[in-house]
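Throughout, protein chains are lettered first and strands after them, A, B, ... in sequence-line order, and every chain is numbered starting at 1.
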There are 2 protein chains.
Amino acid sequence: MNLARLSINQETVRQLSIPELADGVTGLGITGIGLWRAQTQEYGVEAAAKLVRDAGLTVTSLCRGGFFTASDPAERAAALADNRTAIDEAATLGTDTLVLVSGGLPAGDRDIAAARERVADAIAELAPYAGERGVRLAIEPLHPMYASDRCVVSTIGQALDIAERFPAEQVGVVVDTYHIWWDDTVAAGIARAGAGGRIASFQLADWITPLPEGVLLGRGQLGDGCIDLRGFREQVDATGFSGAIEVEIFNPSLWARDGAEVLAEIAGRYRRHVL
Amino acid sequence: MNLARLSINQETVRQLSIPELADGVTGLGITGIGLWRAQTQEYGVEAAAKLVRDAGLTVTSLCRGGFFTASDPAERAAALADNRTAIDEAATLGTDTLVLVSGGLPAGDRDIAAARERVADAIAELAPYAGERGVRLAIEPLHPMYASDRCVVSTIGQALDIAERFPAEQVGVVVDTYHIWWDDTVAAGIARAGAGGRIASFQLADWITPLPEGVLLGRGQLGDGCIDLRGFREQVDATGFSGAIEVEIFNPSLWARDGAEVLAEIAGRYRRHVL
């Protein structure tokens, strides 16, 4: 079955409830889904865990922990506590991957190198806790356009520089085509991540322009943009990675459509542009 | 005079005509301006050259040549011809620096590595022509958010990889804080550029969010954002660079104000955040 590795991140079809998502993917022969914390909490973490278990689905990732860059001690402690909760939720959901978005620069702060070190310090505190619960922290480099307000980790190389300080079973990285496609060192980064067993998650979205205001919700359906998705899949596979290939597209034009229709379109695009 | 190295790119105060810009900077003791081709052509290239000469001003850069990534032979020939004209205009204006924006991916093209090679090929054709006219081609890496539609060269390292194939007096790079501030390898890139005598232009704008739709006109006034501008100036100076420091901010909120007031504000911000 050639959709065996395909996983659908729930934010791609946020018009669907968790049961609707489970029904929709099952009907297409897709066995993986990626979940988000807020939506899962709203549904109930235990209930969601039971639902996906009963449906025979695998939760390929939970989004997201992170936001580690506060310099205020109370904010920092709150972030660490919230990340422990996220790790617990991941364990309950039966997923081995918690995606981390590192956080941006605090207001008035101009020292991005120091913010990156605070990310590493936070991961040092959390990695053993995650490891004991069978959850791996997956550092996601986000596109440099998010560096100031969302994620000071912008490239696979930077993510690996942090991840490699910790055991591979505790900390890995996310390879998301949307964020890293432009980087001329990305092939070396993927090879390095694969060789070290650090690819915790492989996610797909295409790059389209013009970018919308705020640049958050402008990701493209597979094949609509300029990313060589198949080339990236081949590079990732060449490292020996055989895990899920998760489609995570944030785009209001997909949310406005019938969710089942969008899921079917993704399956088709995946066959045409990724496999 | 501590504004001796300051230059004002005309697009920062596009509400001013070229004579108004010349008057405005002269009144503040600023001796450098950066010009754009369309505006200069409209005014008359010879006339602009005479005006800046008579005012005792230096044209620190001309924006812009480039857009080299077309794969269609006719489009490519047209781009090369236009760039020869741009070089001639730079020579007429008495500036030694023509800024190059490389161009993005042609529609339907997913091979960014090949597009980058077409940039290098075009520069190979143009560099001797520029050198004979006392003009240096300045490859400008643009922020990765422009990689698909504007500039496939995203980092100082990539720009140097191309520039270093040619003599340093023919091809250099632009160090523009807005585009490169997020890069954890930028310090090494600036040092490498300086050691090779490749810093053709040093430009400043600050990084602010949220980014506007299309992400073109969201640059921040000096000091309004999160870039350590003084730190970058110190890094650039540490290489021995002593050229102009050009302020290039595209922001409608600056264009809506009195141009003289904006120029005075820039001078003040420059003293506070850059010197």
For this session: Using non-hydrogen atoms and a 4.5 Å limit, figure out which bit of A/D228 sits close to chain B: side chain, backbone, both or neither.
Result: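 Both parts, backbone and side chain.
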[X] versus chain A, heavy atoms under 4.5 Å apart: side chain, backbone, both or neither?
X	result
B/I227	backbone
B/P144	both
B/T185	neither

Exercise. Who wins among A/L216, A/L211, A/V152 for the most heavy-atom pairs under 4.5 Å with chain B?
Worked result: A/L211
Problem set entry | Most contacts with chain B, counted as non-hydrogen pairs under 4.5 angstrom, among A/S154, A/S148, A/G218 | A/S148
Looking only at side-chain N and O atoms, does [Y] offer a donor or acceptor that is under 3.5 Å from a partner on [X]?
X	Y	result
A/R136	A/Q170	no
A/D206	A/W181	no
A/E246	A/S61	yes

For this session: Would you indicate whether the side-chain heavy atoms of B/I139 and B/V171 approach each other to under 4.5 Å?
Result: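 Touching, per the 4.5 Å side-chain cut-off.
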Problem set entry | Side-chain heavy atoms of B/H143 within contact of A/W182, under 4.5 Å | no
